[in-house]
Amino acid sequence: MDSIKGYLTNDHRKCDGLFAKMEEAAMTFLGDAKSLAEEFIKETERHFQMEERVMFLEFEQKTGITQGPTAVMRHEHTQMRGLMKQLLESIESDNKDKFFGTCETLMILLQQHNMKEEQMLYPMAQQHLATESARIVDMMDSMIVE
Amino acid sequence: MEFQGLSTDQAPPIWVPLKFFITAPFFGVLFGLFVFFTPSELFLSRFSVESIIATHLLTIGFFGFVMVGALTQMLPVLAGAKIPKPKLLSTASHLLLVFGVLSFSIGFYINSSAILAVASALLGGGFFIILFGIAFAINGVKNLTPTIKGMRISVAFAMGIVVIGVYLLYGYVVKDIDATHLSIANIHSVWAIFGFAGILIVSVSFQVLPMFYVAPHFKSFCKKRVVNIIAFGLIFWMVLNLVGEFDFLAKFVISLFFFAFATTVWIKLNKRRRPISDVTIWYWRTSSISLAIGVLVWFFGELILDEYIVLASIFIGGGFIMSIMVGMLYKIIPFLVWFHLNASGYMSIPTINEMIDKRYLKVQFYLFIISILGFVASFFYLPLLKVFALCFIFSMVLLQYNIVLPVRLYVKTKKTKPDFDMSMFGDVR
């Protein structure tokens with residue numbers, strides 16, 4: 001069974017791959033990117049929820065820190081949700097410039113967010129939740145997206 | 001509002017890095033003007049007063065400012081490391097450094113010991129204030145990633161070159177310049193280029209290439225060993241250089257690993273998963289090619305002719321270091337503007353691509369590349385220098401324009417009321 005850190009880090013890479021595929025499709029024809037964008041957004045939303053509804057809660061309960069890194073990460077999730085919405089809107093209105101501009105912002109935000117999680121939050125979580133690691137990964141894996 | 005607190009928690013106040021970033025092109029312009037108005041043959045010797053002024057307008061004024069700005073921005077984001085009193089330290093350091101570079105140039109130009117003494121105090125003070133703040137922040141980091149370790153070594157070299165620099169300036173103040181002085185000046189310049197700038201760029205690339213372009217991660221050996229090997233090579237080189245023999249051995253190690261880094265960057269860019277190709281990618285590629293050529297010229301050139309060091313400096317300083325910096329400014333500044341505005345509750349912010357006109361980005365890139373190639377040509381045929389200095393000035397003016405546009409947008413938007421779109425809070429659990 002994966003560690004919390006390993007499981008969520010792999011999921012980041014999976015979302016990165018979907019993002020790259022979506023951009024590639026959009027380069028030739030923006031309309032082609034629609035289903036890939038939806039897939040990327042679906043997977044990213046799933047990732048956010050795995051954190052917000054499972055891992056962050058466990059972390060906050062265990063450490064008592066609710067206004068620390070998890071609060072910052074939640075805030076960034078909200079920022080990214082806003083950008084993902086704009087991504088779909090730009091596809092709907094067939095605005096390539098807006099689409100790639102939003103991609104650029106989203107990509108940087110996403111990557112620096114991932115980095116903070118992978119280098120700070122996940123190691124912290126792994127350390128505090130080591131004994132419950134398997135249970136938490138299992139819960140995240142079987143979670144149904146709301 | 002909690003949001004304010006959160007955003008400042010994860011990134012330093014926007015003006016901390018920005019003030020350094022937007023000052024850099026100004027010194028680029030000054031460099032260009034100085035080269036343009038100075039008789040070209042005075043640049044033939046690397047130790048002439050004119051060469052010293054021109055070099056430092058660029059190395060401190062451009063490279064130094066961008067690196068300090070980048071460190072203040074990256075440390076909190078990459079490692080949660082906080083620089084104490086960032087606004088105060090950065091403002092003090094920025095002012096001291098701006099007047100430090102200006103008094104340095106004027107002091108040399110009019111040959112005034114008093115002004116040079118002031119310059120050494122301003123530059124020494126300006127660098128040490130911010131470098132100690134950065135070192136303090138790094139010291140508090142628990143999870144030391146290869147990038148942070150590399151930054152630590154780079155900052156150590158920075159401190160070393162500042163101490164050496166102040167010592168060298170003191171030599172000019174008391175007018176005591178002997179052979180040892182030139183030998184120490186050589187160490188100062190090689191450490192500055194490869195130790196401070198080179199190691200910082202290598203370490204940051206470990207994060208930035210996978211992050212911005214979804215390029216494959218660097219191999220573990222690369223991340224864990226290369227920076228240490230280069231640092232060891234640079235110290236080894238200093239010892240051999242002072243002894244006066246066999247310094248080519250250490251030079252070989254340094255050149256080899258930077259050459260390997262250059263080719264690795266090229267390969268990583270080829271294997272990146274984001275297919276999009278923009279000006280920043282072109283800058284990375286330019287940087288990679290220039291570094292590869294630059295270290296070859298540095299290693300082999302001096303065996304043929306001492307003056308080849310000037311050619312190596314054009315490739316490494318202009319082609320490698322400056323290209324990466326300009327490329328990264330284009331990525332970072334619009335993002336910072338977007339990020340800070342968004343965190344303050346502004347919702348309808350133009351995207352990164354809408355903040356700077358892509359056509360101007362391209363024109364700036366071409367002007368810059370033509371100037372670098374032109375400087376190379378001028379090395380072989382000096383009368384060309386003025387033409388390309390002019391081209392360089394245009395490229396720097398356009399760079400200044402391109403990066404001030406997003407900053408202006410930030411200032412203008414901040415004067416309006418934030419939207420506070422409540423849907424933003426909707427999904428926060």
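Since this is a predicted model, take the numbers as computed values, not measurements. Within every chain, numbering begins at 1; the chains are lettered A, B, ... in the order of the sequence lines, protein sequences first and strands thereafter.
- Heavy atoms of other residues, nucleotides or ligands lying less than 6.0 angstrom from CZ of B/Arg408 number 12 at most.
- When the shell of 6.0 Å around CZ of A/Arg13 is examined, it contains more than 12 heavy atoms from other residues, nucleotides or ligands.
- Heavy atoms closer than 4.5 Å to chain A are found in both the backbone and the side chain of B/Phe212.
- Contact record, B/Arg273 with A/Ala20: O-CB, 3.0 Å, taken as the closest heavy-atom pair.
- Annotation: the span from A/Leu83 atom CG to B/Asn342 atom CG amounts to 6.5 Å, rounded to 0.5 Å.
- With respect to chain A, the highest number of heavy-atom pairs below 4.5 Å among B/Lys358, B/Met355, B/Arg272, B/Met211 belongs to B/Met211.
- Around NZ of A/Lys96, the count of heavy atoms belonging to other residues, nucleotides or ligands within 6.0 Å exceeds 12.
- Heavy atoms closer than 4.5 Å to chain B are found in the side chain of A/Phe19, but not in its backbone.
- With respect to chain B, the highest number of heavy-atom pairs below 4.5 Å among A/Asp16, A/Leu109, A/Ile108 belongs to A/Ile108.
- At least one side-chain heavy atom of B/Phe339 sits under 4.5 Å from a side-chain heavy atom of A/Glu76.
- Among A/Gln86, A/Met22, A/Lys98, the residue with the largest count of heavy-atom pairs under 4.5 Å with chain B is A/Lys98.
- Considering all non-hydrogen atoms of both residues, A/Met107 and B/Arg274 come closest at CG-NH1, 3.3 Å.
- Between B/Lys331 and A/Glu104 there is a salt bridge, since at least one side-chain N of the basic residue sits less than 4.0 Å from a carboxylate O of the acidic one.
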Walk me through whether A/Gln119 and B/Ile148 qualify under side-chain contact (heavy atoms from CB on, under 4.5 Å). CA-CA 11 Å; A/Gln119 286 169 15; B/Ile148 303 294; 5.8 Å; no

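- For a residue to count as touching a neighbouring chain, one of its non-hydrogen atoms must lie under 4.5 Å from one of that chain's; by this rule A/Lys21 does not touch chain B.
- Nearest heavy-atom pair, B/Ile276 versus A/Phe100, reported as atom, atom and distance to 0.1 Å: CD1-CD2, 3.2 Å.
- Neither the backbone nor the side chain of A/Leu106 comes within contact range of chain B, judged by heavy atoms closer than 4.5 Å.
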